[in-house]
Amino acid sequence: DIFNALVKEVEMFYVDSVDVEKTVRRGINAMLSGLDPYTVYYPEQAQGSTRKYPIIYVQGEINEQQQKVLVSQFHQMVDENKTWPAVLCFVKANTDLSETISDIEKQLSGIRGSQRMRALITLGDNIKEGIEAIQRENLFTGIVCVNAIGNENDTQNFIKTVNSHKRYPRCWMEILPESKEYGFSSNIHILLKESDLEHEFRSRKCKEANVFTYWEDWILYLNNRIHV
């Protein structure tokens, strides 16, 4: 009743004409989006298959349109035999990643591979969630941190977590050269280098301010670690 009343108010008093059907649809989608902290995209080959697939989690503020573009690019890479099929799961920023993983993988038990076949791409200020998730034994075999935001404590915690991980995740640090958080990622790079742990560090400008310019590079990196 409240929703219907609000739609009527908008229809009557909004300055321009309103497409009621489209407005209602957008409102419902927005409400559902707010309730669900993640979106899962299955491999095109999964339907009717008994094969087990790896899963790549992507955590950050990524809208539906961006997700569809990234999924389309991923499927194209699979079609071109650049990478293997995988489940892609987009998780909202600042969501409890460990809890989300547990929830998702119960649902995916039919096509889900072992823990070894799991990777993570974390964007911006989700480094803390990434650290907490890595702390779970053998949780990821690869992790990509893009424009990571953190402080000195986060740097030390990240290195400590990676060092204590028996099957430590291979790390890729991607940072814009002009980013104010450049120091954070470069400090992690220095400490990883001192620890002689396998990792990659990139500082490259994104094309047209698109943070996902190097999406294909990250997927190829993770793909090679998932399937070792």
Side-chain angles (χ1 to χ4, degrees), residues 54-62 66 69-70 73-74 77 82-84 86 88-91 93-94 97 101 116-228:
I55 183 166
I56 299 174
Y57 292 91
V58 187
Q59 185 171 32
E61 290 300 335
I62 309 168
Q66 288 175 315
V69 170
L70 296 176
Q73 290 175 354
F74 180 82
M77 291 176 67
K82 292 181 177 179
T83 189
W84 286 280
L88 294 179
C89 180
F90 293 90
V91 184
N94 304 316
L97 192 57
I101 289 172
R116 183 176 65 85
M117 300 172 69
R118 185 191 287 127
L120 170 68
I121 299 174
T122 177
L123 308 174
D125 60 355
N126 295 288
I127 191 69
K128 291 182 176 64
E129 285 76 10
I131 292 170
E132 292 172 3
I134 296 169
Q135 286 172 343
R136 290 178 54 185
E137 182 69 19
N138 292 333
L139 189 58
F140 300 108
T141 54
I143 177 170
V144 173
C145 298
V146 183
N147 292 338
I149 298 172
N151 54 37
E152 187 175 343
N153 287 336
D154 294 325
T155 303
Q156 297 298 329
N157 288 337
F158 186 89
I159 298 301
K160 182 179 178 181
T161 299
V162 172
N163 269 319
S164 64
H165 205 283
K166 290 182 180 179
R167 293 183 59 191
Y168 65 86
R170 285 75 168 178
C171 303
W172 178 297
M173 308 299 299
E174 183 82 50
I175 185 74
L176 286 171
E178 66 270 23
S179 172
K180 64 179 181 180
E181 303 300 336
Y182 181 87
F184 174 69
S185 290
S186 60
N187 285 340
I188 288 181
H189 165 54
I190 292 168
L191 291 173
L192 284 171
K193 191 173 182 180
E194 290 175 351
S195 301
D196 198 29
L197 294 175
E198 180 193 337
H199 72 289
E200 299 284 344
F201 180 80
R202 298 287 186 276
S203 181
R204 306 178 285 185
K205 289 188 176 182
C206 295
K207 298 174 183 176
E208 299 177 355
N210 179 7
V211 72
F212 295 105
T213 297
Y214 304 108
W215 169 255
E216 183 171 322
D217 289 350
W218 308 336
I219 294 298
L220 292 175
Y221 178 81
L222 295 176
N223 177 77
N224 290 332
R225 272 79 196 156
I226 286 175
H227 292 277
V228 293

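Computed from a predicted model, the values in this text were never measured in an experiment.
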Practice problem: List the steps and the verdict of side chain to side chain contact (heavy atoms under 4.5 Å, CB included) for Leu97 and Leu120. | Solution: CA-CA 10 Å; Leu97 192 57; Leu120 170 68; 3.8 Å; yes
Practice problem: Show your reasoning for whether side chain to side chain contact (heavy atoms under 4.5 Å, CB included) applies to Ile188 and His199. | Solution: CA-CA 10 Å; Ile188 288 181; His199 72 289; over 6 Å; no
Quiz item: Step by step, would you call Phe184 with Ile127 a side chain to side chain contact (heavy atoms under 4.5 Å, CB included)?
Solution: CA-CA 11 Å; Phe184 174 69; Ile127 191 69; 4.2 Å; yes
Practice problem: May I have the step-by-step check of side chain to side chain contact (heavy atoms under 4.5 Å, CB included) for Ile56 and Leu222, ending in yes or no? | Solution: CA-CA 8 Å; Ile56 299 174; Leu222 295 176; 4.2 Å; yes
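A 4.5 Å side-chain heavy-atom check between Phe212 and Val69 finds every atom pair outside the cut-off. Side-chain contact between Arg118 and Ile101 is present, with heavy atoms from C-beta onward closer than 4.5 Å. Side-chain atoms of Val58 and Gln66, non-hydrogen and from C-beta on, never get closer than 4.5 Å to each other. Considering only heavy atoms from C-beta on, Trp172 stays 4.5 Å or farther from Ile121 through its side chain. Side-chain contact between Leu220 and Met77 is present, with at least one heavy-atom pair separated by less than 4.5 Å.
In plain terms, the two heavy atoms of Cys171 and Tyr221 that are nearest each other are O-OH, 3.0 Å. Taking both residues in full, the closest heavy atoms of Cys89 and Ile55 are given as CB-CD1, 4.3 Å, listed atom of the first, atom of the second, then distance. The two residues Gln59 and Asn94 come nearest to each other via the heavy atoms NE2-N, 3.9 Å. When every heavy atom of Met173 is checked against every heavy atom of Ser185, the shortest pair comes out as CE-OG, 3.8 Å.
Using bins of under 30°, 30° to 60° and over 60° for the plane-to-plane angle, the ring pair Phe90/Trp215 lands in the parallel bin.
In this structure, Asn223 CG and Trp218 CH2 are separated by 16.0 Å, a value rounded to the nearest 0.5 Å. Taking OH from Tyr182 and CD1 from Ile175, the interatomic distance works out to 8.5 Å, rounded to the nearest 0.5 Å.
Under the 6.0 Å distance and 45° angle rule, Arg202 does not count as a cation-pi partner of Tyr214.
Judged purely by atom type and a 3.5 angstrom limit, Tyr57 has no side-chain atom pairing as donor or acceptor with the backbone of Thr122.
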Which donor-acceptor pairs under 3.5 Å do the side chains of residues 142-153 make with protein atoms, sequence neighbours left out?
unit_1: Asn147; atom_1: OD1; unit_2: Leu176; atom_2: N; d: 3.0
unit_1: Asn151; atom_1: OD1; unit_2: Asn153; atom_2: N; d: 3.0
unit_1: Asn151; atom_1: OD1; unit_2: Asp154; atom_2: N; d: 2.9

